[in-house]
**Student:** 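To start, I am sharing the structure in question, which I have written as structure tokens.
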2 protein chains.
Amino acid sequence: MGVSKFENFSTKQNLIASYSKALSHPARVAILEEIIKKKKVTCGHLVQNLSLAQSTISQHLTELKNTGLIHGDVLGSSVEYSINQKHWQKQKSVVEVFFGKVKF
Amino acid sequence: MGVSKFENFSTKQNLIASYSKALSHPARVAILEEIIKKKKVTCGHLVQNLSLAQSTISQHLTELKNTGLIHGDVLGSSVEYSINQKHWQKQKSVVEVFFGKVKF
DNA sequence: AGTTTATATCGCAATGTTACGATAATACTC
DNA sequence: GAGTATTATCGTAACATTGCGATATAAACT
């Protein structure tokens with residue numbers, strides 16, 4: 001029991017769910033806002049600005065990377081994270097279409 | 001450990017996270033789509049259309065109700081669920097502002 | 001090569017989510 | 001009132017998520 005039954009739902013429904021899940025924790029929202037503000041941001045910068053351990057932030061970054069919202073460019077010994085414009089726009093439009101289904 | 005540190009983040013960040021969490025499971029996306037399509041929908045109707053147990057669907061409905069996205073009107077022995085237009089619009093605008101922060 | 005710096009990954013504990021069956025609660029029907 | 005129908009809640013099992021410290025990995029610097 002307790003196992004999510006993703007196969008019962010459409011690809012589109014799973015896509016919306018997966019995109020929304022990326023934003024479903026305030027730490028990830030905060031990370032994205034910081035990336036947007038600074039354009040490029042390292043893990044170390046985020047560690048200094050958010051009150052979370054380095055390993056925790058790295059984990060959130062990996063999640064955001066996996067959904068496609070950001071990408072990391074290796075720069076010497078550090079990694080610069082920035083918004084993946086293509087996926088951002090895709091998620092933006094998918095979510096907006098969903099919310100637009102309700103007519104006022 | 002493993003306890004989410006919501007207090008480290010702003011009210012706005014927690015709001016976006018909480019709204020997004022409501023859409024972070026395909027069953028809830030499917031439920032919302034069905035409600036939008038039919039305008040009003042009972043729990044029983046959803047049980048017939050989604051392959052999930054009655055108790056599971058009732059649980060998802062309660063979650064959607066708690067975030068404010070839908071409300072239920074008692075109608076005899078059943079309950080008719082519909083979109084809470086006010087909260088829907090609020091969530092729509094909060095999410096759109098967030099996505100709009102990235103300029104292309 | 002050894003040291004420092006930056007990030008990722010592992011292992012684990014605490015908590016949260018998802019699903020179901022069983023049962024309770026409420027409102028109609030006879 | 002007894003029986004039926006509809007929804008909510010309880011209890012519980014199986015995962016999943018979040019967080020941290022410790023450790024691994026990789027690049028840069030002496």
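Naming convention: chains lettered A, B, ... in sequence-line order (proteins, then strands); numbering from 1 in each chain. For the numbers below, each heavy atom of this structure counts, side chains included, while hydrogens, waters and symmetry mates do not.
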**Student:** Quick check: on DNA chain C, is the nucleotide nearest Gln59(A) upstream (toward 5') of the one nearest Lys5(A), or the reverse? Name the residue that is more 5'.
**Tutor:**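 Whichever sits nearer the 5' end wins; that is Gln59(A).
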**Student:** Can you classify the ring geometry of Phe98(B) versus Trp88(A) as parallel (below 30°), tilted (30 to 60°) or perpendicular (above 60°)?
**Tutor:**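 Phe98(B) vs Trp88(A) ring planes: tilted.
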**Student:** Quick one: which of dA19(C), dT7(D), dA27(D) gets closest to the side chain of Ser77(A)?
**Tutor:**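 Of all the options, the side chain of Ser77(A) is nearest to dA27(D).
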**Student:** Taking only the side-chain heavy atoms of Ser58(A) (C-beta and beyond), determine which of dT7(D), dG19(D), dT7(C) contains the nearest atom.
**Tutor:**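 Selected nucleotide (nearest to the side chain): dT7(C).
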**Student:** Rounded to whole Å, how long is the line connecting atom NZ of Lys65(B) with atom C1' of dA8(D)?
**Tutor:**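 Going from NZ in Lys65(B) over to C1' in dA8(D) covers 8 Å.
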**Student:** With the side chain of Ser78(B) defined as its heavy atoms from C-beta on, choose the nearest nucleotide among dT9(C), dT7(D), dT5(C).
**Tutor:**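 When the side chain of Ser78(B) is considered, dT7(D) is the closest of dT9(C), dT7(D), dT5(C).
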**Student:** Considering only dC20(D), dA19(C), dT17(C), which nucleotide approaches the side chain of Lys21(B) most closely?
**Tutor:**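 The closest nucleotide is dT17(C).
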**Student:** Which part of the nucleic acid, if any, lies within reach of Ser4(A) when heavy atoms closer than 4.0 Å are counted: base, sugar-phosphate only, or nothing?
**Tutor:**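 Sugar-phosphate, no base atom in range.
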**Student:** Which nucleotide in the list dA6(C), dG19(D), dA14(C) gets nearest to the side chain of Val3(B)?
**Tutor:**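 Per side-chain heavy atoms of Val3(B), the pick is dA14(C).
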**Student:** Out of dT18(D), dC20(D), dT18(C), which has the shortest distance to the side chain of Arg28(A)?
**Tutor:**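 Ranking dT18(D), dC20(D), dT18(C) by closest atom to the Arg28(A) side chain puts dT18(D) first.
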**Student:** Whole angstroms only, please: what is the CG-C1' distance between Asp73(B) and dT26(C)?
**Tutor:**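 Interatomic distance, CG of Asp73(B) to C1' of dT26(C): 17 Å.
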**Student:** What I'd like to find out is whether the side chain of Leu61(B) reaches to under 4.5 Å of the side chain of Leu46(B), using heavy atoms alone.
**Tutor:**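 Yes; the side chains approach each other to less than 4.5 Å.
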**Student:** Whole Å only: how far is the CD atom of Gln48(A) from the P atom of dT5(C)?
**Tutor:**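 Those two atoms, CD and P, are 13 Å apart.
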**Student:** Please compare Leu75(A) and His45(B) by the position of their nearest nucleotide in DNA chain D and report the one closer to 5'.
**Tutor:**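 On the 5' side of the pair lies His45(B).
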**Student:** With sugar-phosphate meaning primed atoms plus P, OP1 and OP2, does Glu80(A) contact a base, only sugar-phosphate, or nothing at under 4.0 Å between heavy atoms?
**Tutor:**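 Contact class for Glu80(A): none.
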**Student:** What is the distance, to the nearest angstrom, from the NZ atom on Lys40(B) to the C1' atom on dT7(D)?
**Tutor:**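 It works out to 17 Å between those atoms.
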**Student:** For dA8(C) and Tyr81(A) - does any side-chain N or O of the residue sit under 4.0 Å from the phosphate oxygens OP1/OP2?
**Tutor:**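 Answer yes for this pair, as a side-chain N or O of Tyr81(A) is under 4.0 Å from OP1 or OP2.
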**Student:** Within this structure, what is the CG-to-P distance between Leu61(A) and dA6(C), rounded to whole angstrom?
**Tutor:**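 These atoms are roughly 15 Å apart.
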**Student:** Please work out if Phe6(B) contacts a base, only the sugar-phosphate, or nothing of the nucleic acid, heavy-atom cut-off 4.0 Å.
**Tutor:**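 Answer is nothing: Phe6(B) stays at 4.0 Å or more from every strand.
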**Student:** Do His45(B) and Glu34(B) get their side chains close enough for a donor-acceptor pair, meaning under 3.5 Å?
**Tutor:**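 The criterion, which ignores hydrogens and geometry beyond distance, is satisfied for Glu34(B) and His45(B).
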**Student:** Look at the side chain of Leu52(A) and decide which nucleotide, out of dA8(C), dT9(D), dG19(D), has an atom nearest to it.
**Tutor:**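 When the side chain of Leu52(A) is considered, dG19(D) is the closest of dA8(C), dT9(D), dG19(D).
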**Student:** Whole Å only: how far is the CG atom of Asn8(B) from the P atom of dG19(D)?
**Tutor:**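 Answer to the nearest Å: 9 Å.
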**Student:** With no angle test and no hydrogens, is the base of dA8(D) tied to the side chain of Gln54(B) by a donor-acceptor pair under 3.5 Å?
**Tutor:**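 By the distance-only test, yes, there is a pair.
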**Student:** Nearest nucleotide by nearest heavy atom, which residue falls closer to the 5' end of DNA chain D, Thr62(B) or Glu63(A)?
**Tutor:**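 Counting from the 5' end, the first nearest nucleotide belongs to Thr62(B).
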**Student:** Let me know the distance between NE2 of His25(B) and P of dC15(D), rounded to the nearest Å.
**Tutor:**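 Rounded to whole Å, this separation is 14 Å.
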**Student:** Kindly give the heavy-atom pair with the smallest separation between Asn8(B) and Ser51(A), and that separation in Å.
**Tutor:**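 Distance-wise, the nearest heavy atoms are ND2-O, 3.3 Å.
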**Student:** Between dT9(D), dT7(D), dC20(D), which nucleotide has the shortest distance from any of its atoms to the side chain of Ser55(B)?
**Tutor:**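 Of dT9(D), dT7(D), dC20(D), dT9(D) is nearest to the side chain of Ser55(B).
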**Student:** Output yes when Glu33(B) and Lys37(B) qualify as a salt bridge under the 4.0 Å nitrogen-oxygen rule, no when they do not.
**Tutor:**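 Looking at Glu33(B) and Lys37(B), the cut-off is not met.
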**Student:** Is there a side-chain contact between Val79(B) and Asp73(B), using heavy atoms and a 4.5 Å cut-off?
**Tutor:**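 Answer no - side chains too far apart.
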